[in-house]
Novice: 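Can you keep this structure in mind? I'll have questions shortly.
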Amino acid sequence: MTVRTRFAPSPTGYLHIGGVRTALFCWLYARRTQGTFVLRIEDTDRERSTPESIEAILKGMAWMELTADEGPFYQTDRMNRYREVIDDLIERNLAYRCYCTREEIEAEREAQRARGEKPRYNRRCRNLTSSREGIEPVIRFKNPIEGSVVWDDAVKGRIVISNDELDDLIIARSDGSPTYNFCVVVDDLDMEITHVIRGDDHVNNTPRQINILRALGGESPVYAHVPMILGSDGQRLSKRHGAVSVLEYEAMGILPEAMRNYLVRLGWSHGDQEIFSDEEMIALFDIFDVNRAPSNFDLEKLLWLNQHYIKECESSRLQRLLEQQLVSMNIDANTGPSLQDVVEALRERARTIVEMAEKSLYFFNDFDDYDENAAKKHLRPVAREMLADVRNRLAALGDWQPEALHAEVVATAEDHEAKLGKLAQPIRVAVSGTAATPSIDVTLALVGRDKTLARLDRAIGYIDERVAQNP
RNA sequence: GCUCCCUUCGUCUAGUGGUUAGGACGCUGGCCUCUCACGCCGGUAACAGGGGUUCGAAUCCCCUAGGGAGCGCCA
């Protein structure tokens, strides 16, 4: 039997990080078993489903490079099929029309809660023979009254739930439209899904679905309920933990392979290994090895992995990503050094693409002000003569390359009997506005001759002004 | 309230009756060094609590506590 997994999000919001991990697990397991991964959009809730959400899901999946072998399928395209199954269920007396009003049901629920009971439909209409005038009935599934439902969950282990915990759930609304718990079962059956991998918020739905499945004569798939991902404080993931939507991580400058690696290690591991290539993940991942406990999302670790992958990233791709980022920051990447050189200088110094772009701004545009502390510490009168000297030497330099620049800076420092740092730091601040840049020779090479000389002049002027103000 | 699920360093985790409880992120001391970063070496820190079972429990059982999920004409 070949494995078939599915990812079945509902398009009622963005694609969040927990959903993406579920999708990753589905995808990995299908790849690993040489099975099929299908994408299905559960859009039976017409009130809340939006085209924007569908768009966000598709974009998120594409960014994560989790390509479906089949689909996307849309439940709204399958309404006739659901109708057909519902009619069949009614015909076979496995489902029935319920004429209870919302008010009646709500009142009953209140009463049950007041009595400390679990609110459940009281099956008043289960054996009704007549209809009620003026009420469009809903359709309810006749859940078994006796016995219990048992399944061996691939991550949770054996779960047993007694049928008397379950009531006769609505499978079609009064307008005739089918509901979620029913549609999933029909879909998974029709699509021959062998492994249902989903969030563990569905555990409680599973026994109902199994009962419907049996009524339909289907075989149980393997269920794997993966625990939730919580925020860094152990609470449900929400806006205040930062980004929730996967697309926000793309915008943040996270690499998809870093996200995949981070997410696969949340709830799953292979000994002490932290770094997994796609090939390794596919070869090693097994849904049966996933942890039962929920885990907390830790941005710091994601960032660490991202930096790792930035260091490994192929130059041309990094250049492309950096350029996109610069463009989005309204910077013309043609006004500065080659992106290839920038990327090499910064790939060990940036945890995200956005950070890389921010650290390369002064290669392209002049900065407004010096970093206050940096200027205070390094742009001082003692450095003035050395700066003036190095400015003139550099102006005369024919070969504006790191090697020659390095030699010139070193020679200047020696002439002034200063350690290299005493000169390098003032230059660094002069040229970048900050006290932290790549090595001074590389920095000067990247900033370029014209900007370097102009900025050294500016720094010298700044020192003079400072002296004038505080004689 | 009821049902189900979960519980090893701050975080992600290894561990399946005998380990100095290991690794990673973070934090931190040092080395390297023109700054930052990278890299390297070292440190910090955990079995939720209580009962059993056993010669011996992080590992097995029970209870308690804490956390989560569900109880919709949402998915």
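Naming convention: chains lettered A, B, ... in sequence-line order (proteins, then strands); numbering from 1 in each chain. Because the structure is predicted, anything quoted here is derived from the model rather than measured.
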Novice: Are there any protein N/O atoms within less than 3.5 Å of an N/O atom in nucleotides 30-34 of chain B, and if so, which ones and at what distance?
Specialist:
unit_1 : atom_1 : unit_2 : atom_2 : d
B:C34  : O2'    : A:R428 : NH2    : 3.4
B:C34  : O2     : A:R428 : NH1    : 3.4
B:C34  : O2     : A:R428 : NH2    : 2.4
B:C34  : N3     : A:I440 : N      : 3.1

Novice: Do A:W151 and A:D153 pair up side chain to side chain, a donor and an acceptor below 3.5 Å, judged on atom types alone?
Specialist: yes

Novice: Regarding B:C71, can its base be found pairing with the side chain of A:R120 as donor and acceptor, where the two atoms are less than 3.5 Å apart?
Specialist: no

Novice: Just N and O in the side chain of A:S49: are any of them under 4.0 Å from OP1 or OP2 of B:A75?
Specialist: no

Novice: Is the phosphate of B:C73 approached by A:R109 (side-chain N or O, under 4.0 Å from OP1 or OP2)?
Specialist: yes

Novice: Only one of A:T352, A:V246, A:I310 forms a side-chain contact (heavy atoms from CB on, under 4.5 Å) with A:I254, so which one is it?
Specialist: A:T352

Novice: Using a cut-off of under 3.5 Å, enumerate the N/O to N/O pairs linking the protein to nucleotides 9-13 of chain B.
Specialist:
unit_1 : atom_1 : unit_2 : atom_2 : d
B:C12  : OP1    : A:N296 : N      : 2.8
B:C12  : OP1    : A:N296 : OD1    : 3.3
B:C12  : O2'    : A:R265 : O      : 2.8
B:C12  : O2     : A:K301 : NZ     : 3.4
B:U13  : OP1    : A:G267 : N      : 2.2
B:U13  : O3'    : A:S269 : OG     : 3.1

Novice: Using atom C1' of each nucleotide, how far apart are B:G23 and B:C34 to the nearest Å?
Specialist: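 Per the computed distance, 35 Å lies between those C1' atoms.
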
Novice: Just wondering, more than 12 heavy atoms not from A:H202 lying within 6.0 Å of its NE2?
Specialist: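 Buried by this count: over 12 neighbours within 6.0 Å.
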
Novice: State, yes or no, whether a side-chain contact exists between A:Q425 and A:R428 at a heavy-atom distance under 4.5 Å.
Specialist: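 The answer is yes; the side chains approach within 4.5 Å.
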
Novice: Can you tell me, in whole Å, how much space there is between the C1' of B:U16 and that of B:A58?
Specialist: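 The answer is 10 Å between these two C1' atoms.
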
Novice: Within the structure, does a side-chain N or O atom of A:Q307 lie under 4.0 Å from either OP1 or OP2 of B:C38?
Specialist: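 Yes, within the criterion.
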
Novice: Compute whether any side-chain donor of one residue and acceptor of the other, for A:Q75 and A:D187, lie under 3.5 angstrom apart.
Specialist: yes

Novice: Pull out every residue in residues 372-380 of chain A that has a heavy atom closer than 4.0 Å to any atom of RNA chain B, ordered by number, or say none.
Specialist: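 Listed by number, there are none.
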
Novice: Ignoring hydrogens and angles, answer whether the base of B:C73 and the side-chain atoms of A:S174 contain a donor-acceptor pair closer than 3.5 Å.
Specialist: yes

Novice: Between B:G50 and B:U13, how far apart are the P atoms? Round to whole Å, please.
Specialist: 26 Å

Novice: Check this one for me: any side-chain N or O of A:K311 less than 4.0 Å away from OP1 or OP2 of B:G39?
Specialist: yes

Novice: Using purine N1 to pyrimidine N3 plus N6-O4 or O6-N4 for Watson-Crick, or N1-O2 and O6-N3 for G-U wobble, each under 3.5 Å, what pairs with B:C47?
Specialist: none

Novice: Looking only at atom C1', what distance separates B:C38 and B:G70, rounded to whole Å?
Specialist: 48 Å

Novice: Among A:M259, A:Q307, A:R351, find the residue that satisfies the side-chain contact (heavy atoms from CB on, under 4.5 Å) test when tested with A:L302.
Specialist: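 Exactly one option meets the side-chain contact (heavy atoms from CB on, under 4.5 Å) with A:L302, and it is A:M259.
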
Novice: Under 3.5 Å, is there any donor-acceptor pair linking the side chain of A:D201 to the base of B:A75?
Specialist: no

